[in-house]
Amino acid sequence: MAEHALLLPVGNMWRYLACAKSELRLDLTLACGQSFRWRETAEGHWTGVMGGRVWTLSQTDEALRYHVHRSSGGRGEPAGPRERRAGVPLHTEGSSGGSSAGAVNEEEEEEEEEEDDEEEEPVTEDTDEEAEMLRDYFQLNVSLGDLYQQWGAADPHFQRIAASFPGVRVLRQDPTECLFSIICTANNHISRIHGMVDRLCQALGAPLGTLDGTSYHDFPSLSALAGGGVEARLRDLGFGYRAPFLQRSAAQILAADGPRWLEGLRAAPYAEAHEALCALPGVGAKVANCVCLMSLDKAEAVPVDTHVWQIAKRDYGYTAGKAPKSITNKLQRDLGVFFRTLWGPRAGWAQSVRFCAELKKFQPLRETAQLKKEDEDEDEDKKEVTVAREGAKAEGSGNAKGGRNKPARHKKAKTSA
DNA sequence: AACTGACCTTT
DNA sequence: AAGGTCAGT
């Protein structure tokens, strides 16, 4: 029910936010595996759900353009904390093409027609609020240009790719959405993850409306994720062994004061947040680092995956000594310290740029600048990196290994009532 | 404390 | 093999 609330098409009602392309590149930032909620619905146009609303974003050289799709008859309340949804029905097109992309809840489409929310508040304030939502989501208060400068000066390998991959920012995502999306990424393909997150929202998230035949859903709430039968449902949706991780993690968080527990970690030190996350089923060191970096304001967190490990070996000669067969926790800690020493307190941001540049889908971008650049100096700076391992603790709460606070290990708690 | 395989599916 | 995690040694 309410599956087919009609979302208004993008008219000429773009809003603009001053933002240079060197500060933000939508294509790189939205498709590099941080969030799996955005699709390029048209050339240079990215549509997705953020903060309980459906957005379409695009950009010019100097501005970020955005539009929020309003439901024409939506009764689906946004699950967000703010309930004030200034939905103003403009066109009341008879709901036509119910082209069921979901095939799940096929309903006879009823005429969208109920109490049209009488405008109870002036809508003008909403636009400022939405601009602020974007600034927060993209963390536009952080000057990426300055950071690129610093990283490039400190690291010739970063400098080598910087010009080809500008505007790669770390998103500030909702912690719940980030956590449960990232759990899905473990031992998985990016191409597959997109579909999984999509089906997750389709199956358990509140419907927000339909646009161009595609239905959009909010990210599932913790209660929806923790519900009985969720594991089996997700198994059917192709989540494999991750299905119980999602359900059990949700239940565990709910038992620990719900979303406030997660959001509270934003104010906690990196090491503490990392440790707390690792207590959740399906959350190891790498996933915890991703969540810390992309939703909990831990800019120093460096997720070490196979790509970063390859980079470390190839570019920074980080095999000196021993090369574990797999990426161990110790290796992740050591590499975290190493990259924080190299890149500084926002090492996680720099890592995101390097990771992005490593993705196969973005290799064409690399070629372009490579031709311009020189291509002779290759192995130049492969020096000892072991030296850097020493004074790496100089950055406050850098490494996420200290902290012997409280055990709080539930992890394998089966059906702990 | 640090390593080694098994593990759901899909490219 | 894929942007790992878990349990056992």
Side-chain angles (χ1 to χ4, degrees), chain A residues 28-37 168 170-171 173 178-200 230-249 252 274-295 301-314 321-336 339 348-363 399-404 407 409-414:
Chain A
L28 299 178
T29 302
L30 261 26
C32 70
Q34 292 187 63
S35 169
F36 302 93
R37 297 286 275 151
V168 180
V170 170
L171 300 172
Q173 300 181 254
C178 184
L179 170 63
F180 288 91
S181 296
I182 299 298
I183 288 179
C184 298
T185 68
N187 192 26
N188 209 347
H189 292 267
I190 289 184
S191 52
R192 181 184 169 203
I193 300 167
H194 256 288
M196 288 170 61
V197 174
D198 219 40
R199 293 194 293 277
L200 180 67
V230 165
E231 175 180 344
R233 185 87 182 279
L234 294 180
R235 283 272 186 187
D236 289 338
L237 291 176
F239 279 68
Y241 58 71
R242 301 169 196 81
F245 291 163
L246 295 170
Q247 194 276 330
R248 290 176 52 208
S249 277
Q252 194 164 311
H274 187 272
E275 183 184 7
L277 289 172
C278 284
L280 298 169
V283 180
K286 189 269 179 181
V287 167
N289 272 323
C290 283
V291 178
C292 277
L293 174 64
M294 303 176 201
S295 74
V302 180
V304 176
D305 50 42
T306 55
H307 289 241
V308 174
W309 176 223
Q310 291 309 312
I311 291 173
K313 285 189 294 187
R314 164 167 46 82
K322 66 285 171 185
K325 214 171 173 175
S326 60
I327 299 177
T328 63
N329 283 356
K330 170 172 166 49
L331 177 62
Q332 297 188 51
R333 284 195 303 270
D334 292 347
L335 276 178
F339 282 123
W349 285 55
Q351 174 271 351
S352 297
V353 180
R354 293 232 53 183
F355 177 86
C356 178
E358 208 67 18
L359 293 178
K360 186 164 298 181
K361 61 178 2 173
F362 290 139
Q363 291 316 297
N399 47 1
K401 76 169 180 188
R404 56 219 59 179
R409 293 298 74 102
H410 295 298
K411 211 64 168 188
K412 71 174 179 185
K414 215 173 248 278

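Note that this is a predicted model, so its numbers are computed, not measured. Throughout, a chain's letter reflects where its sequence line sits, starting with A, and its residues are numbered from 1. Because only heavy atoms are used, hydrogens play no part in the values below, and waters and symmetry mates are left out as well, while side chains stay in.
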How many whole angstroms separate atom [atom1] of [X] from atom [atom2] of [N]?
| X | N | atom1 | atom2 | result |
| --- | --- | --- | --- | --- |
| H307(A) | dA1(C) | NE2 | C1' | 11 Å |
| F245(A) | dC7(B) | CZ | C1' | 9 Å |
| K360(A) | dG3(C) | NZ | P | 9 Å |
| K330(A) | dA1(B) | NZ | P | 13 Å |
| K325(A) | dC3(B) | NZ | C1' | 10 Å |
| H189(A) | dC8(B) | NE2 | C1' | 12 Å |
| Y241(A) | dT5(C) | OH | P | 9 Å |
| N187(A) | dA7(C) | CG | P | 16 Å |

(request) For dT10(B), give its Watson-Crick or G-U wobble partner with both distances under 3.5 Å, or none. (result) dA1(C)
(request) Identify the nucleotide, in any strand shown, that forms a Watson-Crick or G-U wobble pair with dG5(B), with both distances under 3.5 Å; if there is none, say none. (result)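 dC6(C) is the nucleotide pairing with dG5(B).
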Any base atoms under 4.0 Å from [X], or only sugar-phosphate, or nothing? Heavy atoms, all strands.
| X | value |
| --- | --- |
| V287(A) | sugar-phosphate |
| R235(A) | sugar-phosphate |
| C32(A) | base |
| A243(A) | nothing |

(request) Start with the C-alpha gap between F339(A) and V304(A), add the side-chain angles, then the distance that decides, and say whether side-chain contact (heavy atoms from CB on, under 4.5 Å) holds. (result) CA-CA 10 Å; F339(A) 282 123; V304(A) 176; 5.6 Å; no
(request) Side chain of R333(A) only, please: which of dA2(B), dT11(B), dG3(C) is the nearest? (result)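 The answer is dA2(B).
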(message) Quick check for you: to the nearest 0.5 Å, what is the distance between Y241(A) atom OH and N187(A) atom CG?
(response)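 Taking OH in Y241(A) and CG in N187(A), the distance rounds to 4.0 Å.
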(message) Can you tell me how far apart NZ (K286(A)) and CD (Q332(A)) are? Round to the nearest 0.5 Å.
(response) 9.0 Å
(request) Could you tell me whether the side chain of R242(A) and the main chain of A186(A) form a donor-acceptor pair under 3.5 Å? (result) yes
(message) Taking dG3(C) as the reference, what is the distance to dT4(B) when you measure between their P atoms (whole Å, please)?
(response) 22 Å
(message) Measuring only the P atom in each nucleotide, how far is dC8(B) from dG8(C)? A whole number of Å is fine.
(response) 15 Å
(message) Once you measure the plane-to-plane angle for H194(A) and F36(A), does it fall in the parallel (<30°), tilted (30-60°) or perpendicular (>60°) bin?
(response)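 The rings of H194(A) and F36(A) stand perpendicular, inter-plane angle above 60°.
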(request) Look at the side chain of R192(A) against the base of dT9(B) and say whether a donor-acceptor pair falls under 3.5 Å; ignore hydrogens and angles. (result) yes
(request) Please confirm whether any donor atom in the side chain of K286(A) sits under 3.5 Å from an acceptor in the base of dG4(C), or the reverse. (result) no
